[in-house]
Visitor: 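Just dropping this structure here.
For the single chain, residues carry numbers from 1 onward in sequence order.
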Amino acid sequence: MQTIEYILLAIALGIPLMIELRRSSAASNIKSIRGLGISVAVSALQVALILGGLYLGKALRFEPTELCGTIALALLVVVAVKMFITSLSKKERPSYDLSKTATVLTLGIALEINTFITGLGLGMSTDNINRSALTTSISIAVCSLFFSEIGIMLGRQKKALRERRHSMVALLLYLAAIAWHVVF
């Protein structure tokens, strides 16, 4: 796997995080330092889930490797379809109170199920898991911290986002990363 693929995946998984945290921070009245703490917590959760998925995927590898690669690709496509359905949804999504720690942790885990499934798929199809884990965790940590902090700042200032457009951009980046993974 290439570093560019990890960066594309990190950006694609960070954009939905930004959208949800913007919506929730607009409804909550949180201070700037609390928002930074939320961003760090969500970023740490995302890194933990991608690494857990990578190592669980490595443990689930089996022979023949072609079939294992096909299952891994199917997992990545399931996440892409889920992102597509979410981006087309027109119903109003709820916002959550970010002033409670339990809500932040629960929301963080719920938002990062796609990250875990992506890690599972990558772990099943990657040969050098140690290099993949390091590169993935660094790119996920940086991008999720960046996008979650942007989302919280935009929400605190009550700035609007074009959520469908951003969701489609995230989907396209995710599909590009999958294509990069399949081709190279």
Visitor: Looking only at non-hydrogen atoms, find the nearest pair between Pro94 and Arg23 and report the distance.
Guide: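 Shortest heavy-atom separation between Pro94 and Arg23 comes out as O-CD, 3.6 Å.
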Visitor: Within the side chain of Ser125, is there an N or O that forms a donor-acceptor pair under 3.5 Å with the backbone of Gly121?
Guide: yes
Visitor: Looking at Cys68, is its backbone amide N or carbonyl O close enough to the side chain of Arg61 to form a donor-acceptor pair, meaning the two atoms are under 3.5 Å apart?
Guide: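 Judged by distance alone, no pair lies under 3.5 Å.
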Visitor: For residues Phe62 and Leu75: do they belong to one hydrophobic cluster (side chain heavy atoms under 4.5 Å, members Ile, Leu, Val, Met, Phe, Trp, Tyr)?
Guide: yes
Visitor: Would a hydrophobic clustering, with Ile, Leu, Val, Met, Phe, Trp and Tyr connected at side-chain separations under 4.5 Å, put Leu56 with Leu134?
Guide: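 Result: no, two separate clusters.
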Visitor: Where do Gly57 and Met124 come nearest, in terms of heavy atoms and distance?
Guide: O-CG, 3.4 Å
Visitor: Just do the side-chain contact (heavy atoms from CB on, under 4.5 Å) check on Leu51 and Leu54 with the steps written out, would you?
Guide: CA-CA 5 Å; Leu51 289 176; Leu54 277 170; 4.2 Å; yes
Visitor: I need the minimum non-hydrogen distance between Thr101 and Arg34, along with the two atoms involved.
Guide: N-NH2, 3.7 Å
Visitor: If a pair satisfies side-chain hydrogen bond (donor to acceptor under 3.5 Å, both in side chains) and one of its residues is in residues 47-59, list it, with sequence neighbours excluded.
Guide: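 Residue pairs with at least one partner in residues 47-59: there are none.
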Visitor: Check whether any side-chain heavy atom of Leu120 lies under 4.5 Å from a side-chain heavy atom of Leu60, and answer yes or no.
Guide: yes
Visitor: Applying the side chain to side chain contact (heavy atoms under 4.5 Å, CB included) criterion to Val79, which one of Ile178, Ile117, Leu9, Ile113 satisfies it?
Guide: Ile117
Visitor: Which pair of non-hydrogen atoms, one from Arg164 and one from Leu88, has the smallest distance, and what is that distance?
Guide: NH2-CD2, 3.8 Å
Visitor: If hydrophobic clusters are built from ILVMFWY residues whose side chains come within less than 4.5 Å, do Phe84 and Val78 share one?
Guide: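 As far as the 4.5 Å side-chain criterion goes, Val78 and Phe84 are not connected within one cluster.
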Visitor: Which atoms form the tightest heavy-atom contact between Leu49 and Phe116, and what is the distance?
Guide: O-CD1, 3.4 Å
Visitor: Mind checking who shares a hydrophobic cluster with Ile152, ILVMFWY linked at side-chain heavy-atom distances under 4.5 Å?
Guide: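 Once heavy-atom contacts under 4.5 Å are chained together, Ile152 belongs with Leu17, Leu21, Ile30, Ile38, Val42, Tyr96, Leu98, Val104, Leu107, Leu111.
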Visitor: Below 4.5 Å, heavy atoms only, C-beta onward: do Leu73 and Thr70 meet side chain to side chain?
Guide: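 Not in contact.
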Visitor: On a heavy-atom basis, which atom in Ser95 and which in Ala27 lie closest, and how many Å separate them?
Guide: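 In this case the closest contact between Ser95 and Ala27 is OG-CB, 3.2 Å.
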Visitor: Rounded to the nearest 0.5 Å, what's the gap from SG on Cys143 to CD1 on Ile11? Could you check?
Guide: 5.0 Å
Visitor: Quick check against the 3.5 Å criterion: does His181 have a side-chain atom that pairs as donor or acceptor with the backbone of Ala177?
Guide: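 Looks like no, no N/O pair under 3.5 Å.
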Visitor: Nearest 0.5 Å please: distance from the OG atom of Ser28 over to the CZ atom of Arg156.
Guide: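 Reported value, rounded in 0.5 Å steps: 11.5 Å.
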Visitor: Let me check something: do Leu173 and Val142 share a hydrophobic cluster, defined by ILVMFWY side-chain heavy atoms less than 4.5 Å apart, either directly or through other members?
Guide: no
Visitor: Taking the side chain as everything from C-beta on, heavy atoms only, tell me whether Thr86 gets closer than 4.5 Å to Arg93.
Guide: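 Yes, at least one pair of side-chain atoms sits under 4.5 Å.
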Visitor: Flag the pair Val40 / Glu149 as yes when at least one side-chain heavy-atom distance between them is below 4.5 Å, and no otherwise.
Guide: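 Sidechains of Glu149 and Val40: no contact.
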Visitor: I need the Met153 CE to Ser32 OG distance, nearest 0.5 Å.
Guide: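 Between atom CE of Met153 and atom OG of Ser32 there are 8.0 Å.
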Visitor: Hey, what do you get for CE (Met18) to OG (Ser25), rounding to the nearest 0.5 Å?
Guide: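 Output value for this atom pair is 11.5 Å.
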Visitor: I want to check something: taking the side chain as every heavy atom from C-beta on, are Leu13 and Tyr174 in contact at a cut-off of under 4.5 Å?
Guide: yes
Visitor: Rounded to the nearest 0.5 Å, how far apart are OH of Tyr6 and CD1 of Ile138?
Guide: 11.5 Å
Visitor: For residues Arg22 and Glu163, determine if any side-chain heavy atom of one lies less than 4.5 Å from a side-chain heavy atom of the other.
Guide: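 They are in contact (side-chain heavy atoms under 4.5 Å apart), so the answer is yes.
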Visitor: Say you draw a straight line from NZ of Lys159 to CD1 of Ile150; how long is it, rounded to the nearest 0.5 Å?
Guide: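 Here the interatomic distance stands at 14.0 Å.
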Visitor: Is the CG atom of Asp97 crowded by more than 12 outside heavy atoms at less than 6.0 Å?
Guide: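 Atom CG in Asp97 is crowded, with more than 12 foreign heavy atoms closer than 6.0 Å.
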Visitor: Heavy-atom count check: over 12 atoms from other residues, nucleotides or ligands less than 6.0 Å from Ile33 CD1?
Guide: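 No, CD1 of Ile33 has 12 or fewer neighbouring heavy atoms, counting only those of other groups under 6.0 Å.
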Visitor: Does NZ belonging to Lys31 count more than 12 external heavy atoms closer than 6.0 Å?
Guide: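 Not buried by this count: 12 neighbours or fewer within 6.0 Å.
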Visitor: Just grab all the side-chain hydrogen bond (donor to acceptor under 3.5 Å, both in side chains) pairs involving residues 104-116, residues at least two apart or on different chains.
Guide: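 Passing the test, one end in residues 104-116: Gln46-Thr115, Lys82-Asn114.
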Visitor: Do Leu145 and Leu105 belong to the same hydrophobic cluster, where Ile, Leu, Val, Met, Phe, Trp and Tyr are linked whenever their side-chain heavy atoms lie under 4.5 Å apart, directly or via other members?
Guide: no
Visitor: So, does Thr135 use its side chain to make a donor-acceptor pair with the main chain of Ser132 at under 3.5 Å?
Guide: no
